[in-house]
Amino acid sequence: MNFQLDQDHQMIRQMAREFAQKEIAPRAADLDERSQFPNENVKKMAELGFQGMMVPQDFGGAGLDTLSYVLVLEEISAACASTAVTMSVNNSLFLGPIFKHGTEAQKKKYLPDFAAGKKLGAYALSEPGSGSDAAALKTTATKKGNKYLLNGAKNFITNGPHADAMIIFATLDPAKKHKGVTAFIVEKEFKGFSVGKIEKKLGIRASSTSSVILDNCEVPEANRLGQEGEGFTIAMVTLDSGRIGIATQALGIGRAALDFAAKYATEREAFGQPIAKFQSIQNKLADMATQIDAARLLTWRAAVLKDQRQNFTKEAAMAKLFASEAANFAAKEAVQILGGYGYIREYPVERYFRDAKITEIYEGTSEIQRLVIAREVLKEISQ
Ligand code: CAA
(Lines give C-alpha, C1' and ligand atoms only; values in the text may rest on other atoms or scores of the structure.)
Protein backbone atom coordinates (compact mmCIF):
# COMPACT_ATOMS: atom_id res chain seq x y z
CA MET A 1 0.00 0.00 0.00
CA ASN A 2 1.34 3.38 -1.01
CA PHE A 3 0.02 6.57 0.54
CA GLN A 4 1.81 8.79 -1.99
CA LEU A 5 -0.13 10.36 -4.84
CA ASP A 6 1.46 9.60 -8.20
CA GLN A 7 2.96 12.45 -10.19
CA ASP A 8 -0.14 13.09 -12.33
CA HIS A 9 -2.37 13.36 -9.28
CA GLN A 10 0.13 15.60 -7.51
CA MET A 11 0.17 17.91 -10.53
CA ILE A 12 -3.63 18.05 -10.73
CA ARG A 13 -3.79 18.84 -7.03
CA GLN A 14 -1.16 21.58 -7.29
CA MET A 15 -2.83 23.14 -10.33
CA ALA A 16 -6.23 23.10 -8.59
CA ARG A 17 -4.75 24.57 -5.40
CA GLU A 18 -3.15 27.48 -7.25
CA PHE A 19 -6.31 28.11 -9.26
CA ALA A 20 -8.61 27.93 -6.23
CA GLN A 21 -6.47 30.20 -4.08
CA LYS A 22 -5.95 32.74 -6.85
CA GLU A 23 -9.35 32.78 -8.57
CA ILE A 24 -11.94 31.37 -6.16
CA ALA A 25 -10.91 32.20 -2.59
CA PRO A 26 -10.66 35.99 -2.95
CA ARG A 27 -14.34 36.36 -3.85
CA ALA A 28 -15.84 33.73 -1.56
CA ALA A 29 -16.72 36.11 1.27
CA ASP A 30 -18.34 38.64 -1.04
CA LEU A 31 -20.39 36.01 -2.90
CA ASP A 32 -21.53 34.61 0.44
CA GLU A 33 -22.42 38.04 1.79
CA ARG A 34 -24.54 38.80 -1.28
CA SER A 35 -25.89 35.24 -1.71
CA GLN A 36 -24.66 35.63 -5.26
CA PHE A 37 -24.48 32.54 -7.50
CA PRO A 38 -20.83 32.01 -8.58
CA ASN A 39 -21.36 32.27 -12.35
CA GLU A 40 -17.86 33.55 -12.98
CA ASN A 41 -16.30 30.73 -10.94
CA VAL A 42 -18.30 28.12 -12.83
CA LYS A 43 -17.11 29.60 -16.12
CA LYS A 44 -13.48 29.53 -15.04
CA MET A 45 -13.76 25.99 -13.67
CA ALA A 46 -15.34 24.90 -16.94
CA GLU A 47 -12.33 26.23 -18.85
CA LEU A 48 -10.15 23.87 -16.80
CA GLY A 49 -12.48 20.91 -17.35
CA PHE A 50 -13.72 20.83 -13.75
CA GLN A 51 -17.42 20.74 -14.67
CA GLY A 52 -17.18 17.32 -16.31
CA MET A 53 -14.13 15.74 -14.76
CA MET A 54 -15.07 12.06 -14.99
CA VAL A 55 -16.87 12.20 -18.33
CA PRO A 56 -14.72 10.61 -21.06
CA GLN A 57 -13.08 12.99 -23.52
CA ASP A 58 -15.15 11.48 -26.37
CA PHE A 59 -18.16 13.08 -24.70
CA GLY A 60 -16.47 16.39 -24.03
CA GLY A 61 -15.30 15.73 -20.48
CA ALA A 62 -11.84 15.73 -18.91
CA GLY A 63 -11.72 11.92 -18.79
CA LEU A 64 -10.12 11.82 -15.36
CA ASP A 65 -10.63 9.42 -12.46
CA THR A 66 -12.57 9.93 -9.24
CA LEU A 67 -9.40 10.50 -7.23
CA SER A 68 -8.51 13.45 -9.48
CA TYR A 69 -12.03 14.80 -9.01
CA VAL A 70 -11.70 14.54 -5.25
CA LEU A 71 -8.31 16.28 -5.26
CA VAL A 72 -9.69 19.19 -7.28
CA LEU A 73 -12.92 19.40 -5.31
CA GLU A 74 -11.07 19.59 -1.97
CA GLU A 75 -9.20 22.63 -3.25
CA ILE A 76 -12.35 24.33 -4.53
CA SER A 77 -14.14 23.51 -1.26
CA ALA A 78 -11.34 24.98 0.85
CA ALA A 79 -11.70 28.19 -1.16
CA CYS A 80 -15.49 28.41 -1.51
CA ALA A 81 -17.88 25.68 -0.39
CA SER A 82 -20.75 27.20 -2.40
CA THR A 83 -18.81 26.94 -5.64
CA ALA A 84 -17.80 23.41 -4.67
CA VAL A 85 -21.35 22.09 -4.30
CA THR A 86 -22.32 23.68 -7.60
CA MET A 87 -19.49 21.74 -9.24
CA SER A 88 -20.15 18.55 -7.29
CA VAL A 89 -23.84 18.34 -8.20
CA ASN A 90 -23.13 18.84 -11.90
CA ASN A 91 -20.37 16.19 -11.88
CA SER A 92 -21.73 13.55 -9.51
CA LEU A 93 -25.49 13.91 -9.52
CA PHE A 94 -26.24 15.00 -13.08
CA LEU A 95 -23.49 13.82 -15.44
CA GLY A 96 -22.76 10.68 -13.39
CA PRO A 97 -26.15 8.99 -13.82
CA ILE A 98 -26.46 9.98 -17.48
CA PHE A 99 -23.07 8.47 -18.23
CA LYS A 100 -23.80 5.34 -16.22
CA HIS A 101 -27.45 4.70 -17.10
CA GLY A 102 -28.12 6.77 -20.22
CA THR A 103 -28.69 5.58 -23.78
CA GLU A 104 -26.13 6.50 -26.44
CA ALA A 105 -28.55 9.16 -27.69
CA GLN A 106 -28.92 10.66 -24.20
CA LYS A 107 -25.16 10.66 -23.70
CA LYS A 108 -24.60 12.39 -27.04
CA LYS A 109 -27.32 14.92 -26.35
CA TYR A 110 -26.51 15.87 -22.78
CA LEU A 111 -22.94 15.04 -21.81
CA PRO A 112 -20.93 17.41 -24.05
CA ASP A 113 -22.58 20.72 -23.14
CA PHE A 114 -22.94 19.94 -19.43
CA ALA A 115 -19.41 18.53 -19.17
CA ALA A 116 -18.02 21.61 -20.91
CA GLY A 117 -19.81 23.89 -18.48
CA LYS A 118 -21.96 25.50 -21.20
CA LYS A 119 -24.94 24.19 -19.26
CA LEU A 120 -25.59 23.27 -15.63
CA GLY A 121 -27.32 20.22 -14.22
CA ALA A 122 -29.17 19.31 -11.01
CA TYR A 123 -30.75 16.31 -9.28
CA ALA A 124 -34.27 16.32 -7.89
CA LEU A 125 -35.17 13.53 -5.50
CA SER A 126 -36.28 15.22 -2.25
CA GLU A 127 -39.82 16.50 -1.85
CA PRO A 128 -41.61 18.64 0.73
CA GLY A 129 -42.85 15.45 2.43
CA SER A 130 -39.94 13.08 1.78
CA GLY A 131 -36.24 13.63 2.38
CA SER A 132 -34.58 10.75 4.22
CA ASP A 133 -37.39 8.37 3.22
CA ALA A 134 -36.72 8.86 -0.46
CA ALA A 135 -38.92 5.96 -1.57
CA ALA A 136 -41.98 7.79 -0.18
CA LEU A 137 -41.83 10.39 -2.95
CA LYS A 138 -45.20 11.52 -4.30
CA THR A 139 -44.37 13.08 -7.66
CA THR A 140 -46.19 11.03 -10.27
CA ALA A 141 -45.36 10.11 -13.85
CA THR A 142 -48.20 9.08 -16.14
CA LYS A 143 -47.54 7.61 -19.57
CA LYS A 144 -49.47 9.34 -22.36
CA GLY A 145 -48.57 8.24 -25.88
CA ASN A 146 -44.84 8.74 -26.33
CA LYS A 147 -44.63 11.14 -23.40
CA TYR A 148 -44.81 11.08 -19.63
CA LEU A 149 -46.70 13.72 -17.68
CA LEU A 150 -44.98 14.57 -14.40
CA ASN A 151 -46.91 16.12 -11.51
CA GLY A 152 -45.61 17.13 -8.11
CA ALA A 153 -43.03 19.24 -6.35
CA LYS A 154 -39.36 18.78 -5.55
CA ASN A 155 -37.61 20.48 -2.65
CA PHE A 156 -34.14 21.77 -1.73
CA ILE A 157 -32.73 21.34 -5.21
CA THR A 158 -29.12 22.50 -5.39
CA ASN A 159 -28.53 24.48 -8.63
CA GLY A 160 -32.34 24.46 -9.08
CA PRO A 161 -32.79 28.07 -10.24
CA HIS A 162 -29.75 27.93 -12.54
CA ALA A 163 -30.02 24.41 -13.94
CA ASP A 164 -30.66 23.87 -17.65
CA ALA A 165 -31.76 20.30 -16.96
CA MET A 166 -32.11 17.95 -14.02
CA ILE A 167 -32.62 14.29 -13.19
CA ILE A 168 -36.11 14.05 -11.71
CA PHE A 169 -37.48 11.02 -9.90
CA ALA A 170 -41.21 10.25 -10.07
CA THR A 171 -43.41 7.24 -9.45
CA LEU A 172 -45.53 5.44 -12.01
CA ASP A 173 -47.46 3.74 -9.23
CA PRO A 174 -47.16 4.81 -5.58
CA ALA A 175 -48.52 1.41 -4.50
CA LYS A 176 -45.33 -0.18 -5.83
CA LYS A 177 -43.25 1.92 -3.40
CA HIS A 178 -39.63 2.13 -4.55
CA LYS A 179 -40.29 -0.27 -7.43
CA GLY A 180 -42.51 2.32 -9.10
CA VAL A 181 -39.85 5.05 -9.10
CA THR A 182 -38.56 6.09 -12.51
CA ALA A 183 -35.90 8.62 -13.48
CA PHE A 184 -36.23 11.31 -16.16
CA ILE A 185 -33.96 13.92 -17.71
CA VAL A 186 -36.05 17.07 -17.62
CA GLU A 187 -35.05 20.28 -19.39
CA LYS A 188 -36.08 23.62 -17.96
CA GLU A 189 -37.85 24.49 -21.24
CA PHE A 190 -40.17 21.46 -21.05
CA LYS A 191 -43.80 22.52 -20.82
CA GLY A 192 -45.07 22.38 -17.24
CA PHE A 193 -41.65 22.78 -15.58
CA SER A 194 -41.02 25.76 -13.35
CA VAL A 195 -38.70 26.82 -10.56
CA GLY A 196 -40.47 27.47 -7.27
CA LYS A 197 -39.35 29.12 -4.05
CA ILE A 198 -35.71 30.12 -3.84
CA GLU A 199 -34.36 29.32 -0.37
CA LYS A 200 -32.39 31.63 1.92
CA LYS A 201 -29.86 29.53 3.75
CA LEU A 202 -27.64 29.44 6.86
CA GLY A 203 -24.55 28.53 4.84
CA ILE A 204 -23.35 27.82 1.30
CA ARG A 205 -25.26 30.97 0.55
CA ALA A 206 -23.69 31.59 -2.84
CA SER A 207 -25.02 28.27 -4.10
CA SER A 208 -28.60 28.27 -5.33
CA THR A 209 -31.34 26.11 -3.86
CA SER A 210 -34.99 26.04 -4.84
CA SER A 211 -38.08 23.96 -5.15
CA VAL A 212 -39.24 22.76 -8.55
CA ILE A 213 -42.85 22.56 -9.67
CA LEU A 214 -44.07 19.96 -12.15
CA ASP A 215 -47.51 20.76 -13.51
CA ASN A 216 -48.34 18.22 -16.20
CA CYS A 217 -44.71 18.55 -17.21
CA GLU A 218 -44.29 16.89 -20.60
CA VAL A 219 -41.26 14.62 -20.81
CA PRO A 220 -40.56 12.71 -24.03
CA GLU A 221 -40.18 8.95 -23.62
CA ALA A 222 -36.65 9.35 -24.99
CA ASN A 223 -35.82 11.27 -21.79
CA ARG A 224 -36.60 8.42 -19.43
CA LEU A 225 -33.31 7.47 -17.78
CA GLY A 226 -33.12 3.69 -17.42
CA GLN A 227 -36.17 1.46 -17.42
CA GLU A 228 -39.51 2.09 -15.74
CA GLY A 229 -39.16 1.14 -12.06
CA GLU A 230 -35.36 1.41 -12.12
CA GLY A 231 -35.34 4.95 -10.78
CA PHE A 232 -34.82 4.20 -7.11
CA THR A 233 -31.74 2.11 -7.78
CA ILE A 234 -30.43 4.86 -10.06
CA ALA A 235 -31.06 7.40 -7.29
CA MET A 236 -29.18 5.29 -4.72
CA VAL A 237 -26.25 4.40 -6.99
CA THR A 238 -25.94 8.09 -7.88
CA LEU A 239 -25.97 9.13 -4.23
CA ASP A 240 -23.19 6.66 -3.44
CA SER A 241 -20.99 8.70 -5.78
CA GLY A 242 -22.46 12.01 -4.68
CA ARG A 243 -21.53 11.22 -1.08
CA ILE A 244 -17.85 11.06 -2.05
CA GLY A 245 -18.30 14.61 -3.35
CA ILE A 246 -19.90 15.87 -0.14
CA ALA A 247 -17.26 14.11 1.96
CA THR A 248 -14.72 16.04 -0.10
CA GLN A 249 -16.57 19.31 0.33
CA ALA A 250 -16.53 18.76 4.09
CA LEU A 251 -12.85 17.87 3.98
CA GLY A 252 -12.07 21.12 2.17
CA ILE A 253 -14.05 23.22 4.64
CA GLY A 254 -12.41 21.48 7.62
CA ARG A 255 -8.95 21.89 6.18
CA ALA A 256 -9.51 25.58 5.51
CA ALA A 257 -10.66 26.02 9.11
CA LEU A 258 -7.58 24.23 10.45
CA ASP A 259 -5.17 26.16 8.21
CA PHE A 260 -6.66 29.50 9.16
CA ALA A 261 -6.81 28.74 12.89
CA ALA A 262 -3.25 27.36 12.98
CA LYS A 263 -1.84 30.43 11.27
CA TYR A 264 -3.86 32.74 13.50
CA ALA A 265 -2.59 30.91 16.58
CA THR A 266 1.02 31.62 15.61
CA GLU A 267 0.28 35.34 15.15
CA ARG A 268 -2.13 36.15 17.97
CA GLU A 269 -0.50 36.80 21.32
CA ALA A 270 -1.98 36.42 24.78
CA PHE A 271 -0.24 36.49 28.14
CA GLY A 272 2.95 37.56 26.41
CA GLN A 273 3.27 34.79 23.82
CA PRO A 274 1.62 33.43 20.67
CA ILE A 275 -1.45 31.42 21.64
CA ALA A 276 -0.04 28.47 19.61
CA LYS A 277 2.35 27.95 22.53
CA PHE A 278 -0.53 27.04 24.85
CA GLN A 279 -1.31 23.37 25.19
CA SER A 280 -5.06 24.03 25.17
CA ILE A 281 -4.72 25.49 21.65
CA GLN A 282 -2.28 22.77 20.54
CA ASN A 283 -4.74 20.08 21.66
CA LYS A 284 -7.44 21.63 19.51
CA LEU A 285 -5.13 21.83 16.48
CA ALA A 286 -4.01 18.24 17.01
CA ASP A 287 -7.57 16.92 17.17
CA MET A 288 -8.64 18.98 14.15
CA ALA A 289 -5.65 17.80 12.09
CA THR A 290 -6.15 14.16 13.04
CA GLN A 291 -9.83 14.17 12.15
CA ILE A 292 -9.23 15.93 8.87
CA ASP A 293 -6.48 13.51 7.90
CA ALA A 294 -8.68 10.54 8.75
CA ALA A 295 -11.50 12.09 6.70
CA ARG A 296 -9.14 12.48 3.75
CA LEU A 297 -8.03 8.86 3.93
CA LEU A 298 -11.62 7.62 4.07
CA THR A 299 -12.57 9.85 1.16
CA TRP A 300 -9.63 8.83 -0.99
CA ARG A 301 -10.35 5.16 -0.24
CA ALA A 302 -13.95 5.51 -1.40
CA ALA A 303 -12.77 7.30 -4.56
CA VAL A 304 -10.16 4.64 -5.36
CA LEU A 305 -12.68 1.82 -4.78
CA LYS A 306 -15.02 3.53 -7.21
CA ASP A 307 -12.23 3.85 -9.77
CA GLN A 308 -11.46 0.16 -9.28
CA ARG A 309 -15.13 -0.60 -9.96
CA GLN A 310 -15.53 -2.23 -6.55
CA ASN A 311 -18.52 -1.78 -4.29
CA PHE A 312 -18.11 1.45 -2.33
CA THR A 313 -21.58 2.07 -0.81
CA LYS A 314 -20.37 1.58 2.77
CA GLU A 315 -17.06 3.36 2.25
CA ALA A 316 -18.73 6.42 0.67
CA ALA A 317 -21.20 6.62 3.56
CA MET A 318 -18.35 6.29 6.09
CA ALA A 319 -16.37 9.01 4.32
CA LYS A 320 -19.34 11.38 4.24
CA LEU A 321 -20.33 10.67 7.84
CA PHE A 322 -16.83 11.12 9.21
CA ALA A 323 -15.76 14.04 7.02
CA SER A 324 -18.92 16.04 7.66
CA GLU A 325 -18.60 15.60 11.42
CA ALA A 326 -14.87 16.42 11.23
CA ALA A 327 -15.64 19.60 9.27
CA ASN A 328 -18.16 20.74 11.85
CA PHE A 329 -15.73 19.96 14.65
CA ALA A 330 -12.86 21.78 12.93
CA ALA A 331 -14.98 24.82 12.11
CA LYS A 332 -16.31 25.02 15.67
CA GLU A 333 -12.80 24.76 17.13
CA ALA A 334 -11.50 27.35 14.65
CA VAL A 335 -14.16 29.81 15.85
CA GLN A 336 -13.10 29.08 19.43
CA ILE A 337 -9.40 29.59 18.67
CA LEU A 338 -10.15 32.95 17.06
CA GLY A 339 -12.44 33.91 19.93
CA GLY A 340 -14.40 37.08 19.18
CA TYR A 341 -12.66 37.34 15.81
CA GLY A 342 -14.06 33.92 14.95
CA TYR A 343 -17.57 35.22 15.36
CA ILE A 344 -17.44 38.18 13.02
CA ARG A 345 -17.63 38.34 9.25
CA GLU A 346 -14.19 39.90 8.81
CA TYR A 347 -12.62 36.46 9.16
CA PRO A 348 -13.61 33.40 7.12
CA VAL A 349 -14.08 30.96 9.98
CA GLU A 350 -17.65 32.03 10.72
CA ARG A 351 -18.42 31.18 7.05
CA TYR A 352 -16.72 27.78 7.43
CA PHE A 353 -18.83 27.21 10.56
CA ARG A 354 -22.05 28.00 8.68
CA ASP A 355 -21.01 26.15 5.51
CA ALA A 356 -19.97 22.99 7.36
CA LYS A 357 -23.45 22.28 8.77
CA ILE A 358 -25.11 21.32 5.49
CA THR A 359 -22.58 18.54 4.88
CA GLU A 360 -24.22 16.62 7.75
CA ILE A 361 -27.61 17.02 6.08
CA TYR A 362 -27.69 16.89 2.30
CA GLU A 363 -27.14 13.84 0.12
CA GLY A 364 -28.21 11.83 3.16
CA THR A 365 -28.09 12.99 6.78
CA SER A 366 -25.53 11.57 9.22
CA GLU A 367 -28.34 9.41 10.57
CA ILE A 368 -28.94 7.95 7.08
CA GLN A 369 -25.20 7.36 6.59
CA ARG A 370 -25.16 5.38 9.85
CA LEU A 371 -28.16 3.38 8.65
CA VAL A 372 -26.44 2.62 5.33
CA ILE A 373 -23.19 1.62 7.08
CA ALA A 374 -24.97 -0.57 9.63
CA ARG A 375 -26.97 -2.35 6.92
CA GLU A 376 -23.77 -3.09 4.99
CA VAL A 377 -22.01 -4.34 8.14
CA LEU A 378 -24.92 -6.65 8.96
CA LYS A 379 -25.03 -7.86 5.36
CA GLU A 380 -21.31 -8.70 5.53
CA ILE A 381 -21.57 -10.76 8.72
CA SER A 382 -24.57 -12.71 7.40
CA GLN A 383 -22.61 -13.79 4.30
N1 CAA B 1 -26.97 0.81 -4.60
C2 CAA B 1 -27.80 0.04 -5.35
N3 CAA B 1 -29.05 -0.29 -4.97
C4 CAA B 1 -29.46 0.16 -3.77
C5 CAA B 1 -28.67 0.97 -2.93
C6 CAA B 1 -27.37 1.29 -3.39
N7 CAA B 1 -26.54 2.05 -2.67
N8 CAA B 1 -29.36 1.29 -1.84
C9 CAA B 1 -30.56 0.69 -1.94
N10 CAA B 1 -30.63 0.01 -3.13
C11 CAA B 1 -31.74 -0.79 -3.63
C12 CAA B 1 -31.96 -2.00 -2.72
O13 CAA B 1 -31.13 -3.08 -3.10
C14 CAA B 1 -33.41 -2.32 -2.97
O15 CAA B 1 -33.54 -2.97 -4.21
P16 CAA B 1 -34.52 -4.26 -4.43
O17 CAA B 1 -35.91 -3.80 -4.18
O18 CAA B 1 -34.27 -4.66 -5.83
O19 CAA B 1 -34.09 -5.25 -3.43
C20 CAA B 1 -34.01 -0.92 -3.14
O21 CAA B 1 -32.94 -0.06 -3.53
C22 CAA B 1 -34.66 -0.39 -1.88
O23 CAA B 1 -33.66 -0.34 -0.89
P24 CAA B 1 -33.98 -0.21 0.66
O25 CAA B 1 -34.97 -1.25 1.06
O26 CAA B 1 -32.69 -0.16 1.39
O27 CAA B 1 -34.72 1.22 0.69
P28 CAA B 1 -35.22 2.08 1.89
O29 CAA B 1 -36.55 2.65 1.55
O30 CAA B 1 -35.07 1.34 3.17
O31 CAA B 1 -34.23 3.38 1.87
C32 CAA B 1 -32.27 4.66 2.28
C33 CAA B 1 -32.89 3.31 1.89
C34 CAA B 1 -30.79 4.35 2.34
C35 CAA B 1 -32.76 5.17 3.61
C36 CAA B 1 -32.57 5.72 1.17
O37 CAA B 1 -33.91 6.09 1.18
C38 CAA B 1 -31.69 6.96 1.30
O39 CAA B 1 -30.53 6.96 0.90
N40 CAA B 1 -32.26 8.05 1.85
C41 CAA B 1 -31.58 9.35 1.85
C42 CAA B 1 -31.90 10.09 0.59
C43 CAA B 1 -30.95 11.19 0.31
O44 CAA B 1 -29.73 11.05 0.46
N45 CAA B 1 -31.46 12.30 -0.18
C46 CAA B 1 -30.68 13.42 -0.57
C47 CAA B 1 -31.15 13.92 -1.89
S48 CAA B 1 -30.07 14.91 -2.84
C49 CAA B 1 -29.88 16.33 -1.96
O50 CAA B 1 -29.55 16.30 -0.84
C51 CAA B 1 -30.16 17.66 -2.59
C52 CAA B 1 -29.20 18.16 -3.55
O53 CAA B 1 -29.57 18.85 -4.47
C54 CAA B 1 -27.74 17.94 -3.39
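All ligand and atom numbering here is 1-based and tracks the order in the structure.
Side-chain atoms of S68 do not come within 3.5 Å of backbone N or O of L64 as any donor-acceptor pair.
Between atom CD1 of residue I98 and atom NZ of residue K107 there is a gap of 10.5 Å, rounded to the nearest 0.5 Å.
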Pairs under 3.5 Å, N/O atoms on ligand 1 and on the protein: can you put them in a table with the distances?
| unit_1 | atom_1 | unit_2 | atom_2 | d |
| --- | --- | --- | --- | --- |
| ligand 1 | 7 (N) | D240 | OD1 | 3.4 |
| ligand 1 | 7 (N) | D240 | OD2 | 2.9 |
| ligand 1 | 17 (O) | H178 | NE2 | 2.6 |
| ligand 1 | 17 (O) | K179 | NZ | 2.9 |
| ligand 1 | 26 (O) | R375 | NH1 | 2.6 |
| ligand 1 | 30 (O) | R375 | NH1 | 3.1 |
| ligand 1 | 30 (O) | R375 | NH2 | 3.1 |
| ligand 1 | 37 (O) | S132 | O | 3.3 |
| ligand 1 | 39 (O) | R243 | NH2 | 3.1 |
| ligand 1 | 40 (N) | S132 | O | 2.8 |
| ligand 1 | 44 (O) | R243 | NH2 | 3.0 |
| ligand 1 | 44 (O) | G364 | N | 2.9 |
| ligand 1 | 50 (O) | E363 | N | 2.8 |
| ligand 1 | 53 (O) | T158 | N | 3.1 |
| ligand 1 | 53 (O) | T158 | OG1 | 3.0 |

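Follow the hydrophobic side-chain contacts under 4.5 Å out from M45 and you never reach L31; the two are in separate clusters.
Side-chain atoms of Q336 and Y343 form no donor-acceptor pair, as typed in the model, at a separation below 3.5 Å. Side chain to side chain, N159 and H162 fail the donor-acceptor criterion of an N or O pair below 3.5 Å.
For residues 77-98, no residue pair satisfies the salt bridge (Lys or Arg N to Asp or Glu O under 4.0 Å) rule, not counting sequence neighbours.
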